[in-house]
Amino acid sequence: SHEEHEKVIEVVVKKVDGRIPVIAGTGSNSTSEAIRLTKFAESAGADAALLIAPYYNRPTQEGLYRHFMAIADSVSIPLILYNIPSRTGVNIEIQTFKRLADHDNIVGVKEASGKLDLVAQIVRETDLCVLSGDDSLTLPIMALGGSGVISVAANVVPRSMADLVDFCLEGNFSEARKVYYRLFPLFK
């Protein structure tokens, strides 16, 4: 329920107590609901919010732009967009990312389109922090200039995922590949 969603945010922020940043998932296919949840997360003390592209509705690129801008204009915390067209039915295209990147509150993207050309364009043409949204694409996304991953596998193998990201950030792709190939069956 909406109440449970808010309670989860409150409990996590309180339990973490500033030790690590909390990024609250506040996306919705309803702009007004996403604004309400994002405002709640901000008031609860979340450090940032993760906003999925509106699912089911399949908005146009202009619709995506207006949706995310309305949310960004309503809060002051950093926002990370979540591009996962296999789940939402819509892909955020590079021209839309470029327009959205102009907003001070929109700072990153959890990129799970599977389109490495798009990743390269986002890295090259915006100042958005690009985070892999698919564990199996972490190494290639980081090789293109991505900054990390919002990981599922890290719930099971946190040290190994941290090692993979650290090796990539250090430019040690030989060691990163070793970790990546060891983890690849888990990713799949």
Side-chain angles (χ1 to χ4, degrees), residues 1-2 4-6 8-9 22-42 46-155 187-188:
S1 70
H2 296 297
E4 290 170 321
H5 191 147
E6 291 173 354
V8 167
I9 294 169
V22 173
I23 303 170
T26 61
S28 173
N29 65 337
S30 162
T31 303
S32 62
E33 177 64 17
I35 289 170
R36 190 187 67 71
L37 275 171
T38 308
K39 284 182 173 182
F40 177 84
E42 180 176 40
D47 299 286
L50 178 66
L51 297 161
I52 194 165
Y55 43 88
Y56 186 72
N57 302 350
R58 300 177 70 145
T60 63
Q61 294 302 302
E62 183 64 23
L64 287 167
Y65 174 77
R66 290 181 183 193
H67 172 82
F68 289 126
M69 288 298 285
I71 300 164
D73 286 341
S74 72
V75 296
S76 60
I77 59 174
L79 305 177
I80 300 169
L81 310 180
Y82 185 8
N83 190 33
I84 183 165
S86 66
R87 305 278 183 183
T88 63
V90 63
N91 184 56
I92 306 170
E93 296 174 4
I94 187 59
Q95 293 305 328
T96 305
F97 276 122
K98 287 168 68 170
R99 290 175 70 197
L100 291 165
D102 287 338
H103 197 293
D104 289 341
N105 293 351
I106 298 174
V107 300
V109 56
K110 178 180 177 181
E111 182 33 57
S113 70
K115 298 178 179 187
L116 294 176
D117 287 355
L118 178 59
V119 170
Q121 288 178 298
I122 297 167
V123 169
R124 190 183 68 176
E125 298 178 33
T126 76
D127 61 356
L128 295 173
C129 172
V130 178
L131 303 167
S132 175
D134 182 337
D135 288 314
S136 68
L137 292 178
T138 301
L139 187 139
I141 285 175
M142 292 192 72
L144 290 170
S147 300
V149 59
I150 297 178
S151 173
V152 173
N155 290 290
F187 297 158
K188 291 303 172 186

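Note: hydrogens, waters and symmetry copies are ignored here, and every other heavy atom, side chains too, is used.
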Inset, instruction - Measure the shortest side-chain to side-chain distance between Y82 and T88 over non-hydrogen atoms and say whether it is less than 4.5 angstrom. - result: no
Inset, instruction - For residues L118 and F97, determine if any side-chain heavy atom of one lies less than 4.5 Å from a side-chain heavy atom of the other. - result: yes
Inset, instruction - Using a 4.5 Å cut-off on heavy atoms from C-beta on, say whether the side chain of L64 contacts that of P59. - result: yes
Inset, instruction - Please round to the nearest 0.5 Å and tell me the distance separating atom OG of S132 and atom CG of L139. - result: 10.0 Å
Inset, instruction - Starting at CZ of F68, measure out to CD1 of I92 and round the result to the nearest 0.5 Å. - result: 4.0 Å
Inset, instruction - Provide the closest heavy-atom pair for T31 versus A70 in the form atom of the first, atom of the second, distance. - result: CG2-CB, 3.9 Å
Inset, instruction - Measure the spacing between CD1 of I106 and CD1 of I80 and express it to the nearest 0.5 Å. - result: 11.5 Å
Inset, instruction - Would you check if there is a donor-acceptor pair between the side chains of H103 and D73 at a distance under 3.5 Å? - result: yes
Inset, instruction - Using a strict 4.0 Å threshold on nitrogen-to-oxygen distance, state whether R99 and E62 make a salt bridge. - result: yes
Inset, instruction - Please report the shortest heavy-atom distance between G108 and L128, naming the atom on each side. - result: N-CD2, 3.7 Å
Inset, instruction - Without swapping roles, check the side chain of N29 against the backbone of N57 for a donor-acceptor pair under 3.5 Å. - result: no
Legend entry - Side-chain donor or acceptor of Q61 paired with backbone N/O of E93 under 3.5 Å: yes
Legend entry - Neighbour count above 12 (heavy atom, 6.0 Å) for D117 CG: no
Less than 3.5 Å apart, which donor and acceptor atoms pair up between the side chains of residues 32-39 and the rest of the protein, not counting sequence neighbours?
{"residue": "S32", "atom": "OG", "partner": "S30", "partner atom": "OG", "Å": "3.2"}
{"residue": "E33", "atom": "OE1", "partner": "R36", "partner atom": "NE", "Å": "3.4"}
{"residue": "E33", "atom": "OE2", "partner": "H2", "partner atom": "ND1", "Å": "2.9"}
{"residue": "E33", "atom": "OE2", "partner": "R36", "partner atom": "NH2", "Å": "2.9"}
{"residue": "R36", "atom": "NH1", "partner": "E6", "partner atom": "OE2", "Å": "2.2"}
{"residue": "R36", "atom": "NH2", "partner": "E6", "partner atom": "OE2", "Å": "3.4"}
{"residue": "T38", "atom": "OG1", "partner": "T26", "partner atom": "OG1", "Å": "2.7"}
{"residue": "T38", "atom": "OG1", "partner": "A34", "partner atom": "O", "Å": "2.6"}

Inset, instruction - Kindly say whether I23 contributes a backbone atom to a donor-acceptor pair with the side chain of D47 at under 3.5 angstrom? - result: no
Inset, instruction - Can you see which heavy atom on A153 is nearest to which on F187, and at what distance? - result: CB-CE2, 3.8 Å
Inset, instruction - Calculate, to the nearest 0.5 Å, the distance between atoms CG and CG belonging to L50 and L81 respectively. - result: 8.5 Å
Inset, instruction - With rounding to the nearest 0.5 Å, note down the distance linking CG in L51 to NE2 in H67. - result: 6.5 Å
Legend entry - Listed once per pair and sorted, the salt bridge (Lys or Arg N to Asp or Glu O under 4.0 Å) pairs that draw on residues 121-141, sequence neighbours left out: K98-E125
Inset, instruction - Could you tell me whether the side chain of N91 and the main chain of S113 form a donor-acceptor pair under 3.5 Å? - result: no
Inset, instruction - Check I94 against I122 and note the closest heavy-atom contact, atom names and distance. - result: CD1-N, 3.7 Å
Inset, instruction - Taking all non-hydrogen atoms of both residues into account, name the closest pair between S28 and I52 and its distance. - result: N-CG2, 4.2 Å
Inset, instruction - Specify the closest pair of heavy atoms between P140 and L137, including all atoms of both residues, with the distance to one decimal. - result: CD-O, 3.3 Å
Inset, instruction - Nearest 0.5 Å please: distance from the CD1 atom of I141 over to the CD atom of E111. - result: 6.0 Å
